[in-house]
There are 2 protein chains.
Amino acid sequence: MSEDDLFRALADPTRRAIFEKLAAGSMNASVLREGMAISQPAMSQHLSVLRSAGLVREERQGRFVNYEVDPDGLTHIAQWLSKYRASWPARIDALKALLKDMDQ
Amino acid sequence: MSEDDLFRALADPTRRAIFEKLAAGSMNASVLREGMAISQPAMSQHLSVLRSAGLVREERQGRFVNYEVDPDGLTHIAQWLSKYRASWPARIDALKALLKDMDQ
DNA sequence: TCGATACATAAGCAGATACTTATATGATTC
DNA sequence: GAATCATATAAGTATCTGCTTATGTATCGA
């Protein structure tokens, strides 16, 4: 769940696509795979990477394993981003203020 | 300047360290290299990656090339993050609202 | 214009990554 | 308990990545 794991996990377009699909609603690995040109082991491996990055979490339900977005990963990215708020353009002033709230 | 470029650039710890150093204030490649166990070509290559990701921008000043954080890259990440605000924990409610502002 | 300085590019290479096929594990149904 | 289904793991491989050394380019000062 390091920053390394996080950004590395998101560096792959297939994994971002998987994550995006999961963000629309939790589902198991098989359903997740529908419509994606990817083998079953590849999906399993990607999910494992996303999981150890803290972006996704799983829950076994009988034969199936249900996956959902893990807020921890997103929170970690937000915290990383907030470190650089001094470098943000003025346009996003509102975001600056919001991130300030987050500190507390 | 794609999401691919962005996350891939940030996936490397050395590049994140460079970016972090630049966030503290703009400087040229030589100064940037001070204290980092990294060769001159390696630094140049990392800066090139950060640049084409939109995270950093350069400005030649005589013999030196000054580098600074490019807000575009950070903004892009913030926008990517904002896509998933539905998945954020309630704790970060304030951030949700702030990101909402950003949409307009 | 010659040497030095700051940086970029080229080429090569070791290690990492994302995929594949094959097989194992775990759970359900008959 | 045997067959089946959902998923994970193993092992192999082509490609990518980040580094190195060597060299090129641009700017400066003497």
Side-chain angles (χ1 to χ4, degrees), chain A residues 1-22 24-70 73, chain B residues 1-22 25-70 73 77:
Chain A
M1 244 204 40
S2 66
E3 265 160 26
D4 237 273
D5 293 334
L6 252 183
F7 286 116
R8 209 188 300 257
L10 293 171
D12 183 77
T14 304
R15 276 194 294 268
R16 285 203 309 283
I18 292 169
F19 183 79
E20 187 153 1
K21 213 165 170 185
L22 272 181
S26 70
M27 63 190 88
N28 63 55
S30 296
V31 174
L32 206 41
R33 196 157 81 87
E34 284 169 14
M36 305 196 74
I38 194 182
S39 71
Q40 178 270 315
M43 173 60 80
S44 182
Q45 285 158 16
H46 280 311
L47 286 169
S48 172
V49 171
L50 287 167
R51 187 180 181 280
S52 52
L55 283 161
V56 144
R57 61 190 174 195
E58 65 183 60
E59 184 188 0
R60 185 166 268 275
Q61 276 169 3
R63 252 189 307 200
F64 300 82
V65 179
N66 213 265
Y67 283 91
E68 66 181 351
V69 168
D70 186 342
Chain B
M1 242 202 43
S2 66
E3 264 160 25
D4 235 275
D5 293 335
L6 252 182
F7 287 117
R8 209 189 300 259
L10 292 170
D12 184 77
T14 305
R15 276 194 295 266
R16 285 202 309 281
I18 293 170
F19 183 78
E20 186 153 2
K21 213 166 171 185
L22 273 182
S26 69
M27 62 191 87
N28 62 56
S30 295
V31 175
L32 204 43
R33 195 156 82 87
E34 283 169 14
M36 304 194 75
I38 194 181
S39 70
Q40 179 270 315
M43 173 60 81
S44 184
Q45 287 159 14
H46 280 310
L47 286 169
S48 172
V49 171
L50 287 168
R51 188 180 180 279
S52 52
L55 284 162
V56 145
R57 59 189 176 197
E58 63 184 62
E59 184 187 2
R60 183 165 270 273
Q61 276 169 4
R63 253 189 306 200
F64 300 82
V65 177
N66 213 267
Y67 283 91
E68 65 181 353
V69 168
D70 186 342
I77 296 180

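Here is how names work: the chains are called A, B, and so on, in the same order as the sequence lines, proteins then strands, and each is numbered from 1. Computed from a prediction, not measured in an experiment: that's the story for all the values here.
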What distance separates A:L22 CG from A:L32 CG, expressed to the nearest 0.5 Å?
4.5 Å
[X] has an atom [atom1]; how far is it from atom [atom2] of [N], in whole Å?
X: B:E58; N: D:dA26; atom1: CD; atom2: C1'; value: 13 Å
X: A:I38; N: C:dT20; atom1: CD1; atom2: C1'; value: 12 Å
X: A:R60; N: C:dT25; atom1: CZ; atom2: P; value: 14 Å
X: B:F64; N: D:dC28; atom1: CZ; atom2: P; value: 10 Å
X: A:E59; N: C:dA27; atom1: CD; atom2: P; value: 14 Å
X: A:L50; N: C:dA18; atom1: CG; atom2: C1'; value: 13 Å
X: A:I18; N: C:dA18; atom1: CD1; atom2: P; value: 11 Å
X: A:N28; N: C:dA27; atom1: CG; atom2: P; value: 15 Å

Minimum-distance pair of heavy atoms, taken over all atoms of [X] and [Y]:
X: A:A17; Y: A:M36; value: CB-CE, 3.8 Å
X: B:A9; Y: B:L50; value: CB-CD2, 4.3 Å
X: A:R60; Y: A:R63; value: NH1-O, 3.7 Å
X: A:M43; Y: A:A29; value: CG-O, 4.1 Å

Can you sort out the partners of [X] under side chain to side chain donor-acceptor pair (under 3.5 Å), two or more places apart, ordered by chain and number?
X: A:S26; value: A:N66
X: A:Q40; value: none
X: B:D5; value: B:S2

With 3.5 Å as the limit, what N/O pairs link the protein to nucleotides 14-18 of chain D?
from, atom 1, to, atom 2, distance (Å)
D:dT17, OP1, B:R8, NH1, 2.6
D:dG18, OP1, B:R15, NH2, 3.0
D:dG18, OP2, B:R15, NH1, 3.2
D:dG18, OP2, B:R15, NH2, 3.2

Residue mapping more 5' on DNA chain C - nearest nucleotide basis, B:N66 or A:A37
B:N66
Listing time: all N or O pairs from protein to nucleotides 28-30 of chain C that are below 3.5 Å?
none

Between the base of D:dA6 and the side chain of A:Q40, is there any donor-acceptor pair under 3.5 Å?
no
Quick check on C:dA6: is either OP1 or OP2 less than 4.0 Å from any side-chain nitrogen or oxygen of B:Y67?
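B:Y67 to C:dA6 OP1/OP2: no side-chain N or O under 4.0 Å.
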Is the distance from OP1 or OP2 of C:dT20 to the nearest side-chain N or O of A:S39 less than 4.0 Å?
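Affirmative; the distance criterion is met.
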Measure from the side chain of A:A42, starting at C-beta and using heavy atoms only, and say which of D:dA8, C:dC19, C:dA8 lies closest.
C:dC19
Set of ring pair (Phe, Tyr, Trp, His ring centres under 6.0 Å) partners for B:F7, sequence neighbours left out
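Listed in chain order: B:W80.
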